[in-house]
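Comments concern the structure below.
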2 protein chains.
Amino acid sequence: MSADKAPGPRERLLEAGQDLFYSQGASVGVDALLKQANVARRSLYEHFGGKDGLIEAVIRRASEQDIAWYEEALAGAEEPRTRLLGLFDRLDELVANADFRGCRYFATDLALTDPQHPAHAETDAFRQRLRALLVTELTALGHDDPGRAAEQLHLLIEGTLVMGSTRGNPHPARAARDLAARLIG
Amino acid sequence: MSADKAPGPRERLLEAGQDLFYSQGASVGVDALLKQANVARRSLYEHFGGKDGLIEAVIRRASEQDIAWYEEALAGAEEPRTRLLGLFDRLDELVANADFRGCRYFATDLALTDPQHPAHAETDAFRQRLRALLVTELTALGHDDPGRAAEQLHLLIEGTLVMGSTRGNPHPARAARDLAARLIG
DNA sequence: CCAGAAGTAGATCGATTGGTCTATTTCCGA
DNA sequence: TCGGAAATAGACCAATCGATCTACTTCTGG
């Protein structure tokens, strides 16, 4: 095992998909994916069954990474309140990045018209995992209604990602952090 | 004048576009648009120059209507604080609607990869008009920093529209209203 | 060393896309 | 009433889409 050196076609396809689906949307052509992954056409259909299968696999993979990112962002401090507010500091950096283009999962849901597309289940799962993370933090913080507060924090996060992608204001995360601080109390 | 009875092809195209671009995204085919508008193919290219021109015109038209909707939603009360909070009550109804599919302008920006597409200027203009509306209300309310508070209200609105389209929780507007209330003080 | 799996390269297919064009009909004002 | 603009219907085009298939090469384990 230990397939570290020189990632195979499957891994290269996942990385190319993660990059191109995010920067150009789910409507990028198969040709562009194959070119960036430097992979033969056949490999895509062998490994993922088609473009839709790749989309689903990419979302699942990105979901793992993003949940890990949120966990790490929350691990920045010991005190629960500081942990949650620190998350918005990390979001501020994320959104400020030049190639930030909004929430991958929301964009995927919008791009895939078919409500039966398997990728929708993946985006739902991601949101549930994120919500669970917030509930855990709020419970540790001793909040009265962790479920409701988590919903509000989630709304603040999504709002930050939207405002950050429109570039109307450079630091939406700071506005959200301020609201989150009042919420946590 | 008074072109009320039996709207012409141009108007029918605008209505069909406003409906289909919203419910199915900007990627709907020209054929579907022509069919729903009950209009000849040539009429589209005569009036709007092409699909992109129709998209731009539809966004401009919807923008007018939506700004009017926000103005009317704010006109529900006399006291500034009640006016702003009432807006979130109206958003609650809007999001609860079965065919609600999120923010039209954000979805359009995501769907149009080309950053030079004229529709982007229209979505930006809409957001600026909405922001101006919020600043006016906050100024009337005597808020310390109307600009910053307007940014925060805008973030709460966009967050509500996102959360409402994912259907994870039925009443994101109530969560946002609660946060808005703390913000207004 | 060699057999088979995996990967590559690229032609090709059918469907669909946005857009152009021709021919015909409808409608309205001078 | 008549003439021209506007609208209709639909054939048609080039480009692009995702997907399939064949032929060849590379890599690897027994």
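A, B, ... follow the sequence lines: proteins, then strands. Residue 1 opens every chain. Everything numeric in this text was worked out from a predicted model, so none of it was measured. Computed over heavy atoms, backbone and side chain alike; hydrogens, waters and symmetry mates excluded.
- Residues from residues 19-34 of chain B that place a heavy atom under 4.0 Å from any atom of DNA chain C, listed by number: B/Val28, B/Gly29, B/Val30.
- Side-chain atoms of A/Arg104 never come within 3.5 Å of backbone atoms of A/Tyr22 as a donor-acceptor pair (strictly under, hydrogens ignored).
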With B for base contact, S for sugar-phosphate-only contact and - for none (protein heavy atoms under 4.0 Å), nucleotides 3-11 of chain C reads ----SBBBB
B/Arg182/B/Asp178 under salt bridge (Lys or Arg N to Asp or Glu O under 4.0 Å): CA gap, chis, key distance, verdict | CA-CA 7 Å; B/Arg182 302 172 199 244; B/Asp178 184 60; 3.0 Å; yes
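- Here the side chain of B/Asn97 pairs no donor or acceptor atom with the backbone of B/Phe100 at under 3.5 angstrom.
- Residue pairs that meet the side-chain hydrogen bond (donor to acceptor under 3.5 Å, both in side chains) test with at least one member in residues 47-57 of chain B, sequence neighbours left out, are B/Asp52-B/His117, B/Glu56-B/Arg60.
- Looking at B/Arg129 and B/Glu71, no side-chain N of the basic residue comes within less than 4.0 Å of a carboxylate O on the acidic one, giving no salt bridge.
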Could you give the side-chain donor-acceptor pairs of residues 27-36 of chain A under 3.5 Å, partners two or more places apart or in another chain?
residue	atom	partner	partner atom	Å
A/Asp31	OD1	A/Arg41	NH1	2.7
A/Asp31	OD1	A/Arg41	NH2	3.2
A/Gln36	NE2	A/Asp19	OD2	2.8

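- Looking at B/His120, its side chain does come within 3.5 Å of a backbone N or O of B/Leu112 through a donor-acceptor pair.
- Between A/Glu137 and A/Arg81, no side-chain nitrogen of the basic residue sits less than 4.0 Å from a carboxylate oxygen of the acidic one, so the salt-bridge criterion is not met.
- The side-chain heavy atoms of A/Asn169 and B/Arg131, taken from C-beta on, include a pair separated by under 4.5 Å.
- Summary for the helix from C/dC1-D/dG30 to C/dA30-D/dT1: the axes at its two ends, each from 5 pairs, differ by 10° when rounded to the nearest 10 degrees.
- What separates NZ of B/Lys35 from P of C/dT17 is a distance of 13 Å, to the nearest Å.
- D/dA7 atom C1' lies 11 Å from atom CG of B/Leu13, rounded to whole Å.
- For the pair A/Tyr45 OH and D/dC17 P, the interatomic distance rounds to 11 Å; values are reported in whole Å.
- A/Tyr105 places a side-chain heavy atom less than 4.5 Å from the side chain of A/Arg127.
- Panel note: side chain B/Thr136, backbone B/Ala132; a donor-acceptor pair is recorded below 3.5 Å.
- Two residues are said to be in side-chain contact when any heavy atoms from C-beta on lie closer than 4.5 Å; B/Leu74 and B/Arg90 fail this criterion.
- Between B/Val58 and B/Thr108, the closest side-chain pair of non-hydrogen atoms is not below 4.5 Å.
- Within residues 49-61 of chain B, no residue has any heavy atom closer than 4.0 Å to DNA chain D.
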